[in-house]
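Note: hydrogens, waters and symmetry copies are ignored here, and every other heavy atom, side chains too, is used. So you know, we letter chains A, B, ... as the sequences are listed, proteins then strands, and number each from 1.
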Amino acid sequence: GAGVSQSPSNKVTEKGKDVELRCDPISGHTALYWYRQSLGQGLEFLIYFQGNSAPDKSGLPSDRFSAERTGGSVSTLTIQRTQQEDSAVYLCASSGGAISGETQYFGPGTRLLVL
Amino acid sequence: RKEVEQDPGPFNVPEGATVAFNCTYSNSASQSFFWYRQDCRKEPKLLMSVYSSGNEDGRFTAQLNRASQYISLLIRDSKLSDSATYLCVVALIQGAQKLVFGQGTRLTINP
């Protein structure tokens, strides 16, 4: 596709359940990022993948959060034992390379609601 | 203190007015600076990069003052379509990819 795609667009789950969020970056983009945007808040960095390098996980809020990127393309963000405070919009972005500040293109996000 | 601080607004201005947004950042090692725009329930999109010499793109002018760690965005002759949230964004370290976003300033242009 032409842009970053994410699925599902909306997810409602019960507290304690696990959820998986998917991101398909722009074809050929080597860098992929996950962010979280809570209601009325700015975007919060979660994790970053660049090529085959070890991911930068410094933004993950707890060990309930994990992400992987298979084959250098699609990424999955997994939240285990979801809590109500995990409710947010989860945004994925991709960019073409390793140069700092290279434009990141965002997907439409997954709106997660934990009841 | 937040790494990137913006006035959250909201700003309500009449169509045709000039509006200015300000942003400060705390890390003097910050290397790259941007303004992103986010429409309601949409993803952020890059509006413009901000360069030390200042730069202009049509009705939009961005300025950077490294000494004061201050970034600004000026919108002239505002249009109804300019209504959105404007996000000040800083890239902390050269080679690092983590963008730090301000909370955003909400702008509504009134007819």
Connected via hydrophobic side-chain network under 4.5 Å: A:Leu39 and B:Leu87: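 Shared cluster, no.
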
Joint cluster assignment, B:Met48 & B:Leu74, ILVMFWY side-chain distance < 4.5 Å: no

Heavy atoms from other residues, nucleotides or ligands near CZ of A:Arg111 exceed 12 (cutoff 6.0 Å): yes

Residues, nucleotides or ligands: over 12 heavy atoms within 6.0 Å of B:Tyr70 OH: yes

Please flag which part of [X] lies under 4.5 Å from any non-hydrogen atom of chain A: side chain, backbone, both or neither.
X	result
B:Arg41	both
B:Gln38	side chain
B:Phe33	neither

Part of A:Leu91 within contact of chain B (heavy atom distance under 4.5 Å): side chain

Toward chain B, the part of A:Gln37 with a non-hydrogen atom under 4.5 Å: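 For A:Gln37, side-chain heavy atoms alone lie under 4.5 Å from chain B.
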
Residues that, via side-chain heavy atoms closer than 4.5 angstrom, fall in one hydrophobic cluster with A:Val12: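 Direct or chained contacts put A:Val12 with A:Leu113, A:Leu115.
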
Members sharing A:Leu60's hydrophobic cluster (side chains within less than 4.5 Å):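 The other cluster members (ILVMFWY side chains, heavy atoms under 4.5 Å, direct or chained) are A:Val19, A:Leu21, A:Leu32, A:Trp34, A:Leu46, A:Ile47, A:Phe49, A:Phe65, A:Leu77, A:Ile79, A:Tyr90, A:Leu112, A:Val114.
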
A:Tyr35/B:Leu99 under side-chain contact (heavy atoms from CB on, under 4.5 Å): CA gap, chis, key distance, verdict: CA-CA 10 Å; A:Tyr35 296 87; B:Leu99 299 184; 3.8 Å; yes

B:Phe101 ring center near A:Phe45 ring center (under 6.0 Å): no

CA sep, side-chain torsions, deciding dist, call: A:Gln104, B:Tyr36, side-chain contact (heavy atoms from CB on, under 4.5 Å): CA-CA 10 Å; A:Gln104 295 185 19; B:Tyr36 273 72; 3.9 Å; yes

